[in-house]
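Right, one structure below, let's go through it.
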Amino acid sequence: MKVVLLAGGYGTRISEESHLKPKPMIEIGEKPILWHIMKEYSHCGFNEFIICAGYKQHVIKEWFANYYLYNCDVTFDFADDNSMTVHRSAAEPWKVTVVDTGLNTMTGGRIKRIQKYVGNERFMLSYGDGVCDVNMNDILDFHEKHGKLATITAVNIGQRFGTLELTDNQITSFREKSDMDGSRINAGYMVMEPEVFDYIEGDKTVFEKEPMERLAADGQLMAYRYDGYWQCMDTKREHDKLEELWDSGKAPWKTW
C-alpha cells in the first residue's frame with residue numbers, strides 16, 4: 001500500500017529554518033523529520049511513498065538522490081577513476097516518488113495531483129511535520145472493519161487546532177477550537193479509499209475543509225482514537241522539544 005505524505009507547505013511558523021528548506025526537511029537528530037515519519041511507516045511494513053512536494057521541492061529531491069552520501073560511509077577515489085564506493089549501506093527498502101504539486105497548491109489540490117500515482121487503490125495519507133508512536137497496521141485494521149471511505153487518527157491534545165465532533169467513532173462535523181475544549185484533533189496518519197479523490201475539486205481545495213466536511217456529512221469519515229504519543233513541529237519550540245527527546249534516547253516515535 002502506498003503512503004502519501006504532504007510536504008509542500010511554506011512552514012511559515014518555523015521560519016528560522018524554513019526559509020532555507022521545506023519544513024519536512026528540518027532535522028531532528030541530523031535527519032529530516034520526513035525521514036522519521038517514513039521510518040515509522042517502514043517499521044510497520046509500508047515502504048512505498050509518494051511525497052507531495054512544493055515549496056523548495058528540489059531540496060527533497062536532492063536529499064533522496066544523494067541518500068547514500070547522507071547516510072553511509074563512502075570512499076572517493078580521485079587518483080584512480082574518480083569513483084565512489086559506498087560502505088555500510090544503510091538504505092531502507094523504500095520506493096520514493098517525489099512529485100512537484102505546485103508552490104501555492106492547497107492540501108486537497110496536492111492530493112488530487114498525485115492521483116495518477118496512487119491509481120484505484122487504497123492509500124495512507126499523512127502530514128510531513130508530525131511524529132507518532134501509533135501502529136499503522138492498527139489504523140488499517142480499524143479502517144477495514146468499518147468499511148467507510150476515510151479514517152483519520154484522532155488525538156487529544158492542548159487545543160490549537162479545529163476540533164472534531166465524534167459519535168461512536170464517526171466524525172459528524174468540524175468546528176473551531178474554544179478555550180473549554182478537550183476535544184480530539186486530526187493528527188494525520190490517515191487511510192483513504194480512492195473514492196476520496198472525487199471529493200476534491202482542484203488546486204484551491206483545502207482537504208481539511210470541504211472534502212472532509214462532505215465526507216463527514218455523508219457518514220464516510222471515521223476516527224481512530226489514539227491516546228499515545230503524537231507531536232507536530234509547527235514552531236521552533238516544538239522542534240527543540242523533539243530534538244531534546246531524540247538526544248535523550250527516549251524519543252517515543254523511535255520504534256526501529
Side-chain angles (χ1 to χ4, degrees), residues 1-11 13-14 17-18 21-57 59-64 67 70-71 90-99 101 107 110-111 114 117-118 123-140 151-155 157 161 185-192 207-208 224 226 228-235 238-247 250-256:
M1 184 183 302
K2 297 179 179 70
V3 179
V4 177
L5 297 174
L6 293 166
Y10 287 97
R13 287 193 292 254
I14 190 168
E17 292 193 57
S18 63
K21 62 184 72 171
K23 184 166 66 165
M25 296 304 292
I26 295 175
E27 295 177 352
I28 300 169
E30 299 185 338
K31 293 287 196 301
I33 190 171
L34 183 64
W35 177 89
H36 289 264
I37 297 165
M38 293 170 70
K39 289 287 281 188
E40 295 170 21
Y41 277 100
S42 187
H43 175 74
C44 294
F46 302 97
N47 292 300
E48 187 168 354
F49 299 93
I50 300 169
I51 299 175
C52 301
Y55 173 67
K56 295 187 180 295
Q57 50 89 25
V59 176
I60 300 176
K61 292 177 179 176
E62 288 171 0
W63 194 83
F64 282 105
Y67 195 82
Y70 291 121
N71 295 282
E92 287 76 12
W94 294 348
K95 180 179 179 181
V96 183
T97 302
V98 183
V99 182
T101 56
T107 50
R110 295 191 191 283
I111 296 166
I114 56 86
Y117 295 103
V118 171
F123 63 100
M124 290 192 165
L125 172 68
S126 197
Y127 303 106
D129 61 357
V131 289
C132 188
D133 64 356
V134 66
N135 187 317
M136 315 303 173
N137 288 297
D138 290 344
I139 306 171
L140 182 57
T151 296
I152 67 176
T153 298
V155 298
I157 197 168
F161 305 92
I185 65 165
N186 175 12
Y189 296 93
M190 301 171 267
V191 183
M192 301 284 158
F207 187 63
E208 298 77 9
Y224 176 77
Y226 187 64
Y229 179 84
W230 173 84
Q231 179 62 58
C232 65
M233 188 187 68
D234 265 346
T235 65
E238 289 168 343
H239 169 263
D240 292 347
K241 180 180 179 181
L242 292 171
E243 187 80 45
E244 182 180 346
L245 277 170
W246 184 262
D247 290 343
K250 299 177 181 179
W253 68 92
K254 184 178 180 181
T255 52
W256 57 91

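Reckoned from all heavy atoms, side chains included, excluding hydrogens, waters and symmetry mates.
Between D234 and K23 there is a side-chain heavy-atom pair separated by less than 4.5 Å. At least one side-chain heavy atom of I37 sits under 4.5 Å from a side-chain heavy atom of V131. Taking 4.5 Å as the limit, every side-chain heavy atom of W63 sits out of range of all side-chain heavy atoms of K21. Using a 4.5 Å heavy-atom threshold, the side chains of V96 and M38 count as touching. Contact annotation: the side chain of P22 approaches that of I60 to within less than 4.5 Å [non-hydrogen atoms, C-beta and beyond]. In this structure, Y226 and D133 have side chains that are in contact, with non-hydrogen atoms separated by less than 4.5 Å. Proximity of L6 to D129: side-chain heavy atoms (C-beta onward) are nowhere separated by under 4.5 Å. Residues W230 and I185 form a side-chain contact, since some pair of their non-hydrogen atoms from C-beta on lies under 4.5 Å apart.
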Could you walk me through whether K254 and L245 pass the side chain to side chain contact (heavy atoms under 4.5 Å, CB included) check?
CA-CA 10 Å; K254 184 178 180 181; L245 277 170; over 6 Å; no
Y117 vs V4, test: side chain to side chain contact (heavy atoms under 4.5 Å, CB included). Steps then yes/no.
CA-CA 10 Å; Y117 295 103; V4 177; over 6 Å; no
How far apart are the C-alpha atoms of L125 and F207, what are their side-chain angles, what is the distance that settles it, and do they pass the side chain to side chain contact (heavy atoms under 4.5 Å, CB included) test?
CA-CA 11 Å; L125 172 68; F207 187 63; 3.9 Å; yes
Give the C-alpha distance, both sets of side-chain angles, the deciding distance and a yes or no for side chain to side chain contact (heavy atoms under 4.5 Å, CB included) between Y224 and V191.
CA-CA 10 Å; Y224 176 77; V191 183; over 6 Å; no
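For the residue pair P93 and N47, the shortest heavy atom distance occurs at O-CB, 3.2 Å. Considering all non-hydrogen atoms of both residues, F49 and S42 come closest at CZ-N, 4.5 Å. Taking both residues in full, the closest heavy atoms of I51 and A7 are given as CG2-CB, 3.8 Å, listed atom of the first, atom of the second, then distance. Heavy atoms only, all atoms of each residue included: E208 and Y127 are closest at OE2-OH, 2.6 Å. In terms of heavy atoms, K2 sits closest to I50 at CD-CD1, 3.6 Å. The two residues I28 and E243 have their closest heavy-atom pair at CA-OE1, 3.5 Å.
Judged by distance alone, with hydrogens and angles left aside, the side-chain atoms of Q57 form no donor-acceptor pair with the main-chain N or O of A53 at under 3.5 Å. Here the side chain of H239 pairs a donor or acceptor atom with the backbone of E27 at under 3.5 angstrom.
For the side-chain hydrogen bond (donor to acceptor under 3.5 Å, both in side chains) criterion with E40, the lone passing option out of Y189, W253, W35 is Y189.
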